[in-house]
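Note that these values count all heavy atoms, side chains included, but never hydrogens, waters or copies made by symmetry. This one's a predicted model, so the numbers in the text were calculated from it and none came from an experiment. Residues take their numbers from the sequence shown, with the count starting at 1.
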Amino acid sequence: MMNNSLPTTGAASLTRRGFLVTGAASAGGLVLAFHLPPAEAQVGTPAGTPPEVNAWVVIQPDDQVVIRIARSEMGQGTLTGLAQLVAEELQCDWAKVTTEYPTPGQNLARNRIWGNFSTGGSRGIRESHDYVRKGGAAARMMLVQAAADGWAVPAAECRAAASVITHGPSGRSTTYGKVAAAAAKLKVPTEVALKDPKDWTIAGKPLPRLDTVDKTTGAQVYGMDFKLPGLLNAAIRDCPVVGGKVRRYDATAIAKMPGVKKVLTVGDSAVAVVADTWWRAKTALAALEIEWDEGPNAKLDSAGIASLLKAGLDAPEAIVGAQAGQPREALAAAARTIEAVYAYPYQNHATMEVMNATARITLSAAGTPERCEVWTPTQNGEAAFAATVEASGLPAAQCEVYKIHLGGGFGRRGATDWVRQAVEIARAMPGTPVKLIWSREEDMQHGFYHPVTQCKLKAGLDAQGRLIALHMRLSGQSILAGLFPQNLQNGKDPVVFQGLNLGGPEGALGYAIPNLLVDHAMRNPAVRPGFWRGVNLNHNAIYLECFIDEIAHATQQDPLALRRQLLASSPKHLAVLDAVAQRAGWGSPAAPIKGQTVHRGLAQIMGFGSYVAACAEVSVDADGALTVHRIVAATDSGHAVNPQQIAAQVEGSFAYGLSAALFGEITLENGRIQQSNFHDYPALLMAQMPKVETLVMPSGGFWGGVGEPTIAVAAPAVLNAIFAATGQRIRTLPIKNQSLKRA
């Protein structure tokens, strides 16, 4: 993967243009975390900063501990997990822990002490665990040293536990709150030892989440809830045709409607109405007649895009992602070949909370713009900050972004389009805070969609029916080519090959296939692609795992037995696969449910640093109605910071992944996205949610992700179970478009 990190040579040396370019490039959540040692924790602390032991830990006199978390909380539990890691090394009283977000402006001013704010790619914990743990350990060492200095004893004679420091020989004790001020004056240690995970007492435990109570009581403030005195509200409508622009409109037609304050063009493609309430803004906007310049994509449709991708399946030129042996020669000489073509549609993130931001331009005494502030739910505070700086036209030192908990992210809130819009609207109304809220229709029709792809697979078998060669030709859109073309590697988008690599943490294939070729014919329609939860691992797992199932049935082999044979040299892949098969009872018939025969399907994959597998149990009645009864899922993420949160994330990933597999499809006609709301882009209902049994299997020695990997095995496990039930092989998603009646 690529590293687009901002330089750590100090904020003063960072040009405005340099910050904007690198900050925006990290919007997709692909950049690596920044390793900033705790030794820098006290560099450049601005005046007015609350008392702190170091950048990660603030301790109040009453022993309340505030842990600063740079990553975003969007329901995945990162806030609690990272706090557990800090608290583990800090040796504080967990019952007294709260959290807060530092701001990206503070981060820049302090030489990026909190590192990377981007939360995506299941990297919240796996790429910041080291430096946040060191932040906690350094704070503990400073607190112990402060207590020892007060007693005039060696620090080695003191120990810390549950926010209490005790001097062993004398038995004297004190609390963190009493020595915090003295500790903050000490030099931050540069040599910091971390605890062995086997000795964890806070991390690794299924502790309740820190945000549960506020979310349960309704006290949690989301971007949609945020208020400021004098706040106005804005609704926006972008050109309905992909890539189109505003041609003209007559604002006088709605200027006198109730509550309307302003009508303006935003960028070159959108019109916004500002009013005293959002509903009045939306109502006025709906009444406004806008003439659009539909541009070059006015005839773009799904059929044309599918034809473009189909041509790529046999194109002579393709970018190689993985290769071993002599695949073309082996396929030509094979005793038997098997072929299949699969297709995966565009999909919307469909977060429950639509895109929104509140922006305010503050004026100086002379009446000129002096400061720009934005409050928004974002997966990447620094990218939102960069967008704010650019859109406001002010220096970075005069801007700030305040992160708010997200009502769903799934990759969509790594972008910054709505932030730029909010700032542009606020610029037109200086001195007045304005909250921009997208309608659900706007959110559905102007997203950054899961990329559309097709895949042609060809397997070569020897005379004994053994798999000796495999060619996977991917044809479809590249996210990097669409968003960050500067990050392509000699024309290759590494994200395209997630789960299909011969090695590496982002997705090792696992299967031992002597002659292998995985390549990509890049085809980029005008529709904006984006980092959708699980990204390319989702469809790659379908293509690979369903085709492995096809090979097993074509050669009259048990699907588990074939996978076990091919994974014999990949013990971590094999371990999660065996675990789900054993728990599900693979090899013995499933008990009927309400007179319906239950069938099983398997899938496994490695991605985002973790090994995952699933076994799905489904039934299909005589009319073709599908019920997914149960899914057994196993995850080996190396270390498990909070097993309870992992189980919750796995369950949530199946709800999201099954929604996509069953219903998720964005289509185009005449350049327009056809879906507009949940009536034609449905999500899984509670009554449709299967029972999920999660096996958390941390084998240690590495840090894998949790939020995204298991999504990838949801669809193929169910698809393979559907084949077992019906004899029908579904190769084009979503399932809602297919007949499930038995062949």
Side-chain angles (χ1 to χ4, degrees), residues 1 28-33 69-85 116-129 132 206 209-211 347 349-353 377-380 405-414 450 495 498-499 505-507 530-538 541 576 605-614 631 633-660 692 694-698 702-715:
M1 305 304 288
L30 280 180
V31 292
L32 300 179
I69 305 297
R71 307 284 180 159
S72 298
E73 178 58 53
M74 48 189 155
Q76 83 282 33
T78 289
L79 182 146
T80 299
L82 287 173
Q84 282 181 259
L85 290 174
N116 187 0
F117 277 46
S118 175
T119 311
S122 292
R123 290 184 172 89
I125 286 178
R126 69 178 171 128
E127 290 190 354
S128 56
H129 65 87
V132 302
R209 287 174 54 145
L210 295 173
D211 54 350
Q347 291 172 334
H349 299 81
T351 61
M352 192 56 62
E353 179 189 24
T378 172
Q379 288 180 242
N380 193 335
H405 278 15
L406 286 62
F410 314 126
R412 175 62 178 96
R413 285 189 160 97
H450 189 299
V495 181
Q498 285 181 323
E506 293 310 309
F531 298 94
W532 190 101
R533 186 179 181 186
V535 201
N536 290 56
L537 190 71
N538 294 326
V576 291
I605 202 77
M606 189 269 182
F608 301 97
S610 293
Y611 302 83
V612 296
I631 295 180
T635 297
D636 178 3
S637 57
H639 295 293
V641 174
N642 190 315
Q644 180 174 279
Q645 283 184 191
I646 293 176
Q649 284 220 59
V650 170
E651 292 172 10
S653 73
F654 281 122
Y656 201 67
L658 290 176
S659 292
V692 177
T694 304
L695 306 176
V696 181
M697 302 172 55
F702 64 98
W703 294 78
V706 172
E708 292 171 281
T710 50
I711 294 180
V713 290

Y656 side chain reached by R533 side chain, heavy atoms, under 4.5 Å = yes
inquiry  = Has R71 got a side-chain atom pairing as donor or acceptor with S118's backbone, closer than 3.5 angstrom?
reply    = yes
note = Taking every heavy atom of A633 against every heavy atom of V650, the minimum-distance pair comes out as CB-CG1, 3.8 Å
inquiry  = Are F608 and R126 packed together at the side-chain level, in the sense that at least one heavy-atom pair is separated by less than 4.5 angstrom?
reply    = yes
query = Where do I631 and A614 come nearest, in terms of heavy atoms and distance?
reply = CG2-CB, 4.1 Å
task = Search all heavy atoms of H450 against all heavy atoms of N538 and return the closest pair with its distance.
result = NE2-ND2, 3.6 Å
inquiry  = Hydrogens and angles aside, do S610 and T635 bring a side-chain donor and acceptor to less than 3.5 Å of each other?
reply    = no
request  = Would you please test T378 and L406 for side-chain contact (heavy atoms from CB on, under 4.5 Å) and show each step?
outcome  = CA-CA 7 Å; T378 172; L406 286 62; 5.7 Å; no
message = Contact between R123 and S128 at the side-chain level, heavy atoms closer than 4.5 Å - yes or no?
response = no
message = Would you compute the distance between atom CD of E708 and atom CZ of F410 and round it to the nearest 0.5 angstrom?
response = 10.5 Å
note = All heavy atoms of Q84 vs all of N642, minimum pair found to be OE1-ND2, 2.8 Å
ask   = I605 versus V612: any side-chain heavy-atom pair under 4.5 Å?
value = yes
inquiry  = A side-chain contact here means heavy atoms from C-beta on lying under 4.5 Å apart; do I646 and S637 qualify?
reply    = yes
task = Could you label the plane-to-plane angle of the W703 and H129 rings as parallel, tilted or perpendicular, counting under 30° as parallel and over 60° as perpendicular?
result = parallel
task = Say whether E73 and T78, considering side chains only, have a donor N or O and an acceptor N or O under 3.5 Å apart.
result = no
task = State the OG1-CG distance between T710 and L537, to the nearest 0.5 angstrom.
result = 10.0 Å
query = Looking at side-chain heavy atoms only, is the closest gap between V641 and L85 below 4.5 Å?
reply = yes
key: Minimum heavy-atom distance P643-P206, with the two atoms named   = CD-N, 3.9 Å
ask   = Measuring from L79:CG to I69:CD1, what's the distance to the nearest 0.5 Å?
value = 5.5 Å
ask   = Parallel, tilted or perpendicular: which describes the rings of W532 and H349, with under 30° parallel and over 60° perpendicular?
value = tilted
note = dist S659:OG -> F654:CZ (nearest 0.5 Å) comes out at 12.5 Å
request  = Determine whether N116 and E127 make a side-chain contact, defined as any pair of heavy atoms from C-beta on separated by less than 4.5 Å.
outcome  = no
Sub-4.5 Å side-chain heavy-atom contact between S122 and V706 = no
inquiry  = So which atom in Q645 and which in Q76 form the shortest heavy-atom distance, rounded to 0.1 Å?
reply    = NE2-O, 4.2 Å
message = For G120, is there any backbone N or O sitting under 3.5 Å from a side-chain donor or acceptor partner on Q379?
response = no
inquiry  = Given 3.5 Å as the limit, does a donor-acceptor pair link the side chain of T80 with the main chain of L210, or not?
reply    = yes
query = Would you call R413 and E353 a salt bridge, using N to O less than 4.0 angstrom?
reply = yes
